[in-house]
Number of protein chains: 2
Amino acid sequence: MINELTGISAAHEQSIQKARKRIIESIGKNMDLYGITLSTGLLYGLMFFQNKPMTLDEMGEAMEMSKTSMSTGIRTLVDLNMVNKVWEKGSRKDQYEVERDWHQTFADFFVIKWRKAVELNLLALRKSLSELNELSAKHPEEEVLQDYLRSDIEKINQAIAYYLWLDRLIDTMESGDIYQLVPKEHVPDKHM
Amino acid sequence: MINELTGISAAHEQSIQKARKRIIESIGKNMDLYGITLSTGLLYGLMFFQNKPMTLDEMGEAMEMSKTSMSTGIRTLVDLNMVNKVWEKGSRKDQYEVERDWHQTFADFFVIKWRKAVELNLLALRKSLSELNELSAKHPEEEVLQDYLRSDIEKINQAIAYYLWLDRLIDTMESGDIYQLVPKEHVPDKHM
DNA sequence: CTATTTGTACAGTTTTTACAGAACAAACTA
DNA sequence: TAGTTTGTTCTGTAAAAACTGTACAAATAG
């Protein structure tokens with residue numbers, strides 16, 4: 001039996017489950033922003049309200065899905081640092097629990113996914129930039145070619161500048177400097 | 001004919017296309033972070049290197065895809081403010097060009113997509129919170145129930161605090177205050 | 001060492017999504 | 001107004017992704 005809400009009336013349990021379900025479904029849906037599928041999002045929501053770590057078997061039973069699917073879903077969540085594997089003594093089964101610091105989860109998403117994209121795009125941009133610069137140096141007299149090259153090189157340089165900015169933004173998330181600009185606790189404006 | 005690289009040798013044209021292709025494919029792939037499909041990402045990359053607005057027919061020819069697909073792809077990009085519809089006089093066809101300010105594109109993505117998610121999640125959280133508070137007030141004597149409620153309410157309050165923070169972060173992107181923390185132009189550290 | 005148990009890789013199936021072609025409605029043209 | 005042109009909706013199909021059950025390898029227990 002999965003249900004951990006024991007010792008209260010069925011009506012009360014239902015009320016709590018209804019309240020949880022609303023949240024789980026909303027969060028689960030919107031986790032597509034993290035590139036996470038709905039069912040994995042729902043799994044995350046389920047674990048969010050759990051007060052102890054869960055095993056794959058428990059998840060499968062609660063989600064009415066195969067353990068295989070739980071395994072792949074959990075891997076996605078672990079890769080994003082949204083869920084942590086915990087070591088429970090006396091159990092052979094792997095146990096998982098959600099990361100409670102959502103600010104950290106948000107930051108990690110950028111550090112993991114967006115940083116990777118920035119690096120790959122910068123790599124491509126710089127390689128192409130170097131090729132085009134080389135081509136330009138080889139044929140300084142060909143005006144039409146130079147026009148094309150100038151245009152592309154300008155675009156590439158702007159793109160590089162943007163990715164460097166994005167890289168610095170991600171730095172502030174990794175270092176925590178972002179909280180200087182936007183504190184975790186809201187500081188109200190001073191009014192005269 | 002789509003190719004706008006005329007007046008240069010085939011070899012030079014090929015060099016430029018190769019350099020572009022590397023960038024287009026890298027950017028196209030990584031646009032999945034925006035929830036954008038690969039082919040739409042490639043369409044965006046194509047338009048990025050175009051120096052004039054494109055029509056749906058031109059896109060279809062260049063991408064070797066149907067105009068229908070171009071239409072849906074473009075709508076996705078327009079909805080995200082990544083591409084703008086421009087009004088070219090003397091032409092009946094709709095024309096589109098990429099938004100060149102990528103900082104703005106990035107900010108718009110948060111303002112459009114993440115803000116929506118924040119709002120929906122806050123709505124669900126607050127509604128459930130209110131239900132649970134009500135339930136708690138109705139049965140102050142039931143200790144087991146109160147334990148469950150305390151736990152859920154605590155989690156919900158933490159989630160709300162997080163989303164309020166995220167909302168303020170999005171505010172800084174919308175207002176431009178984010179550039180105070182991370183300037184568009186890199187300001188190197190001062191060293192002694 | 002042998003028996004289980006556990007998690008994952010793999011292969012097949014189902015479901016979802018992307019895409020194309022036809023049909024249509026709106027807008028422009030003559 | 002009638003005749004085109006253009007973009008999108010709708011429907012069917014192809015491709016991709018999610019999901020399941022089996023098989024297997026690694027780890028633990030006896």
Side-chain angles (χ1 to χ4, degrees), chain A residues 2 24-25 27-47 52-80 82-97 113, chain B residues 2 24-25 27-47 52-80 82-97 113:
Chain A
I2 280 302
I24 290 173
E25 288 183 351
I27 290 179
K29 266 182 221 163
N30 292 123
M31 277 175 72
D32 68 338
L33 289 174
Y34 290 88
I36 283 174
T37 191
L38 174 61
S39 67
T40 301
L42 296 175
L43 170 62
Y44 179 85
L46 168 76
M47 296 178 69
K52 37 180 144 181
M54 292 186 86
T55 67
L56 291 179
D57 288 312
E58 288 167 343
M59 299 173 204
E61 192 179 338
M63 299 280 298
E64 300 182 24
M65 286 176 69
S66 70
K67 192 160 76 161
T68 308
S69 297
M70 297 301 100
S71 178
T72 60
I74 277 292
R75 180 166 46 202
T76 304
L77 294 171
V78 168
D79 286 349
L80 285 170
M82 289 180 163
V83 158
N84 300 310
K85 186 189 275 197
V86 294
W87 299 104
E88 198 89 355
K89 57 189 173 190
S91 169
R92 294 212 289 197
K93 302 189 182 189
D94 293 353
Q95 312 248 111
Y96 300 90
E97 67 183 2
K113 292 290 184 184
Chain B
I2 281 303
I24 291 172
E25 288 182 352
I27 290 178
K29 267 183 221 161
N30 292 122
M31 277 176 71
D32 67 337
L33 289 173
Y34 290 88
I36 283 175
T37 191
L38 174 59
S39 66
T40 300
L42 296 176
L43 171 62
Y44 179 84
L46 168 76
M47 295 178 70
K52 36 180 146 181
M54 291 187 86
T55 68
L56 292 178
D57 288 310
E58 287 167 344
M59 298 173 204
E61 191 179 340
M63 300 280 297
E64 299 183 24
M65 286 176 69
S66 72
K67 192 160 77 162
T68 307
S69 298
M70 297 301 98
S71 179
T72 60
I74 276 292
R75 180 165 47 203
T76 304
L77 294 171
V78 168
D79 287 348
L80 285 170
M82 289 179 164
V83 159
N84 300 311
K85 187 188 275 197
V86 293
W87 298 105
E88 198 90 353
K89 58 189 171 188
S91 170
R92 294 211 289 198
K93 303 189 181 189
D94 294 353
Q95 312 248 107
Y96 300 91
E97 66 183 3
K113 293 288 185 185

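The chains referred to below are lettered A, B, ... by the order of the sequence lines, with proteins before strands, and numbering in each begins at 1.
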d(CG, Leu38(A); P, dC19(D)) in whole Å: 8 Å

Donor-acceptor pair between Ser66(B) and Ser69(B) side chains, under 3.5 angstrom: yes

Nearest to the side chain of Leu56(A) - dT8(C), dT8(D), dA20(C)? dT8(C)

Between the OG1 atom in Thr40(A) and the CG atom in Leu77(A), the distance rounded to the nearest 0.5 Å is 6.0 Å

Scanning both residues in full, the closest heavy-atom pair of Leu56(B) with Tyr96(B) reads CD2-CE1, 4.2 Å

What is the distance from CG of Leu77(A) to P of dG7(C), rounded to the nearest Å? 16 Å

Could you give the CD-to-P distance, from Glu64(A) to dT20(D), as a whole number of Å? 11 Å

Closest non-hydrogen atoms of Tyr34(B) and Leu80(B), given as atom of the first, atom of the second and distance, are O-CD1, 4.1 Å

To the nearest angstrom, how far is Glu61(B) atom CD from dT6(D) atom P? 14 Å

Euclidean distance, Glu97(A) CD relative to Met54(A) CE, rounded to 0.5 Å: 12.0 Å

Using whole Å, what does the distance between atom C1' of nucleotide dT6(C) and atom NZ of Lys93(A) come to? 8 Å

Tell me whether the side-chain N/O atoms of Ser39(B) come closer than 4.0 Å to OP1 or OP2 in dA18(C). no

Pairing partner (Watson-Crick or G-U wobble, both distances under 3.5 angstrom) of dT28(D): none

Nearest whole angstrom, please: distance from the P of dT8(D) to the NZ of Lys85(B). 6 Å

Does any N or O donor sit under 3.5 Å from an N or O acceptor when you compare the side chain of Arg92(B) with the base of dT6(D)? no

Applying the Watson-Crick and G-U wobble criteria at under 3.5 Å, what pairs with dA3(C)? Answer none if nothing qualifies. none

Tell me which residues in residues 66-74 of chain A lie within less than 4.0 Å of DNA chain D, going by non-hydrogen atoms. Ser66(A), Thr68(A), Ser69(A)

Can you tell me how far P of dT4(C) sits from CG of Asp57(A), to the nearest Å? 18 Å

Going by salt bridge (charged side-chain N to carboxylate O under 4.0 Å, His left out), name the residues that satisfy it together with Lys67(A), two or more places apart in sequence or in a different chain. Asp57(A)

For Glu58(A), does its backbone N or O pair with a side-chain atom of Thr55(A) as donor and acceptor, under 3.5 Å? yes

Using the side-chain heavy atoms of Arg75(B), tell me which of these nucleotides is nearest: dA18(C), dT6(D), dT8(D). dT8(D)

Glu58(B) CD - dT6(D) C1' separation (whole Å): 14 Å

